[in-house]
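For reference, the structure is listed below as C-alpha cells.
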2 protein chains.
Amino acid sequence: MRSDALHGQVQPHPLLRKLESIADLSDEERQAILALPMNVRVFEAKSDIVRDADRPSDCALVLDGFVCRYKILPDGRRQIMGFYIPGDIPDLQSLHLQVMDHSVGTLVRSSIATIPHQNLRELMRHHPGLAEIFWRDSLIDAAMFREWMIGMGRRTAFQRTAHLLCELHVRLRAVGLAGADGYELPVTQNELGDALGLSTVHVNRVLQDLRSEGLIVLRGGSLSIPDWEALKITAEFDSAYLHLKALARDVG
Amino acid sequence: MRSDALHGQVQPHPLLRKLESIADLSDEERQAILALPMNVRVFEAKSDIVRDADRPSDCALVLDGFVCRYKILPDGRRQIMGFYIPGDIPDLQSLHLQVMDHSVGTLVRSSIATIPHQNLRELMRHHPGLAEIFWRDSLIDAAMFREWMIGMGRRTAFQRTAHLLCELHVRLRAVGLAGADGYELPVTQNELGDALGLSTVHVNRVLQDLRSEGLIVLRGGSLSIPDWEALKITAEFDSAYLHLKALARDVG
DNA sequence: CGCCCATTTGATCAATGTCAATAGTGGTGG
DNA sequence: CCACCACTATTGACATTGATCAAATGGGCG
C-alpha cells in the first residue's frame, strides 16, 4: 500500500496520478516511478521547453502549469497541436524519435521536471509493464491528434471550440485538477485560435456565442460549465478516444 | 545474411521493408519478423477491416493495396485520418488500446495479413529492440497526424493538397512502391476531400489548379510529378516529420 | 447500349479571415 | 494611490475561401 493511501487529501506524484488514470500500476511500479530522478525547473510563461529540430536527451514532465505542443510555419503562422497538463510528458516521443519535429512551450509559468532518457529506458527495461503504459500514453496522445483532426476537418468553429473545452475538462478531472463544473483555463483567445485553426477574432465571437447559449461561463481564465450534458451534446463529445480507465461514474 | 540479399531485385516481406525504412534490424530480428504467423485475406475495395468500437484481437498488416483510417460523424460526414500502404499496420495501436475509436477500411481491393496480438506481444517480449521499433512506428504515425493537423488548421486547400501528394510520394518511395517521378494514387476526389477536410467539388478545383500550374499530372489514378522541387516548395513540404532512416540521396 | 460512379462546371451562399479601431485589465514605477 | 504600458478582449466593416446545390459530362463495364 502506498503510504498516502491513508488519507485521500494527499496529492500523489502528478505522474502517478496521470498514469493511474489510464492504467493500473503495481506497487512495485509505483515505487519505480517515484524513484525516477527528476530535475525540476520553472519556466516562465510563453517560453520554450524544447524546440523544433532539437535532439533532446531527456523528457519533460509537467508538474504544474499549462504547456502546449506547437509548430511555427515559415510565414510565422502557428499551429498548436495539443495542450498538456500536470502529469503529462509532452515530449515522450523524443525517446524514440531523435529529432524534434515541433516545439513544446509553456502557456503560463510552469514547473517542469526533466527526466533523462537513460533513466526512462532503464525503468522500462526493468518494468516492461511500465513500458507498455508509456506506449499506451503515447497512443492516447495520437488519439487526441486524430480527434483534433476530425474537428478541424469536419466540425464548425463552434462545435470544435466546445469540443476542446470538453476535452480539457475530462482530462483535468481525470487527474483531479478540475472541479465538478469547471476549471482554470489560462489560455488566451489567440492561443485558442492557434489550437483550433481559427483567427483570434473568430474565437472571440465563438466564445460569445457559447456564452450567450448558456453553454459556458468564461471570465478571466476561469471556465465554468453550467450544463455539462448540453455542452457535450453540442460538441458531439465522446470521451472514448481518451481511453481513460474509469469513466463510469465520472464525467465523460 | 538473408538469402535474398544475393540479388537486389527480390521483394522482401513488406513489413521488413517498412521497418527497415525507419530503423535498422538485426538478422535475428528479421528472422523473427518473418516467422510471425500471418493470416492473409483479401478485402474488396471500400470495405472495413476493423470498425469503430471493435475490440480487435489481432493487427492488420497491409500486404498490398491502399487502406485508410477514418471516422464517421453522427451526421454522416467522414474524416479520413491517414492513408496506409503495404508494410503499414494501421491498427497497431489496438495492441494497447482495447477499443477502436475509429475504423480502418480499404480504398481499393487489398490483401491484408492478420497477426494475432498474442504473437506480436511474444515477438516483442523476446526482441525488445523490435518493441522499440514498433513503438517508433506508432510515434511516426502520430507525427503524421500532427502534420495533417497543421495542414487543416493553417494551410490553404491548395498547399494542403500538394502536401498530401508529397507525403505519399516520400512514403511510397521509402518502401520502393513509387517511381522517381510519380506513383499510383487509387483515391477518388471524394476520398481526398474527406482526408483533407474539403468538399469533393473543391478538391476537383484544387487539382485543376495544381495541374494548370504544372505541378502535377494526374490522370486515371496515376500521378506524376514533373518537378518535385517545385511541388515541395509550394507545399512547404519537409519530410523530417516522417523520421525516415535514409533521406540523404533520396527524395525528401 | 445503358448504368453507375467519378469528374467537372456554374451559380450562389455561408463560414471564417483580415484589417482597423476601441475598450478592458493587470502590473509597474513613481 | 495614480498614471501609464502592454497585452488581451471586443467590435465593425469588408474580403475571401471553400461549401452547397444542381446539373452536365465522361469512363468503365456488364
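Numbers restart at 1 for each chain; the letters A, B, ... are given by sequence-line order, proteins then strands. Since we're looking at a predicted model, the values are computed, not measured.
Using a 4.0 Å heavy-atom distance criterion, B:T156 is classed as a sugar-phosphate-only contact. Counting non-hydrogen atoms under 4.0 angstrom, B:G197 reaches the backbone sugars and phosphates but no base. Within 4.0 Å (heavy atoms only), A:L207 reaches no atom of the nucleic acid at all. As judged by a 4.0 angstrom heavy-atom cut-off over every strand, A:T188 is placed among residues touching the sugar-phosphate backbone only. Within 4.0 Å (heavy atoms only), A:G221 reaches no atom of the nucleic acid at all.
When A:V62, A:L63, A:V175, A:V67 are each tested for a side-chain contact (heavy atoms from CB on, under 4.5 Å) with A:P86, only one passes: A:V62.
Protein atom CG of B:N204 is 19 Å distant from nucleotide atom P of C:dC5, rounded to whole Å. One atom, CG of B:D209, and another, C1' of C:dT8, lie 13 Å apart when rounded to the nearest Å. A:R77 has its CZ atom 12 Å from the C1' atom of C:dG17, to the nearest Å. Whole-Å rounding puts the A:L192 CG to D:dC7 P distance at 19 Å. Between the CD atom of A:Q189 and the C1' atom of C:dG17 there is a distance of 16 Å, rounded to whole Å. The nearest whole Å value for the distance from the CZ atom in B:R154 to the P atom in C:dT16 is 13 Å. Atom CG of B:L198 and atom C1' of D:dA19 are 10 Å apart (whole Å). Taking atom CG on A:N190 and atom P on D:dC7, their separation rounds to 12 Å, with Å as the unit.
Checking C:dT7, D:dG18, D:dT20 against every side-chain atom of B:V201, the shortest atom distance belongs to D:dT20. Each of D:dT10, D:dG18, C:dT25 was ranked by its minimum atom distance to the side chain of A:R219; first place goes to C:dT25. Side-chain atoms of B:R205 lie closest to C:dA11 of the nucleotides C:dT7, D:dG18, C:dA11. Proximity note for A:Q208 (side chain, C-beta onward) versus D:dT11, C:dG17, C:dT9: the nearest is D:dT11.
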Practice task
Begin with the C-alpha distance, continue with both residues' side-chain angles, and end with the deciding distance and a verdict on side chain to side chain contact (heavy atoms under 4.5 Å, CB included) for B:F145 and A:E147.
Solution key: CA-CA 10 Å; B:F145 298 149; A:E147 196 64 30; over 6 Å; no
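B:R154 has its side chain within reach of A:D194: a pair of non-hydrogen atoms, C-beta onward, lies under 4.5 Å apart. Side chains of A:L92 and A:D141 form no contact here, defined as non-hydrogen atoms less than 4.5 Å apart. Contact annotation: the side chain of A:D52 never approaches that of A:I72 to less than 4.5 Å [non-hydrogen atoms, C-beta and beyond]. Residues B:V217 and B:P226 are in side-chain contact: their nearest non-hydrogen atoms beyond the backbone lie under 4.5 Å apart.
Within 6.0 Å of CZ on A:R211 lie more than 12 heavy atoms contributed by other residues, nucleotides or ligands.
Comparing the axis of the opening five pairs of the helix from C:dC1-D:dG30 to C:dG30-D:dC1 with that of the closing five pairs yields an angle of 40°, rounded to 10°.
Applying the 4.0 Å criterion to OP1 and OP2 of D:dA6, one finds that A:K46 has every side-chain N and O outside that range.
A salt bridge is absent between A:D88 and A:R69; no separation between the charged side-chain nitrogens and carboxylate oxygens falls under 4.0 Å.
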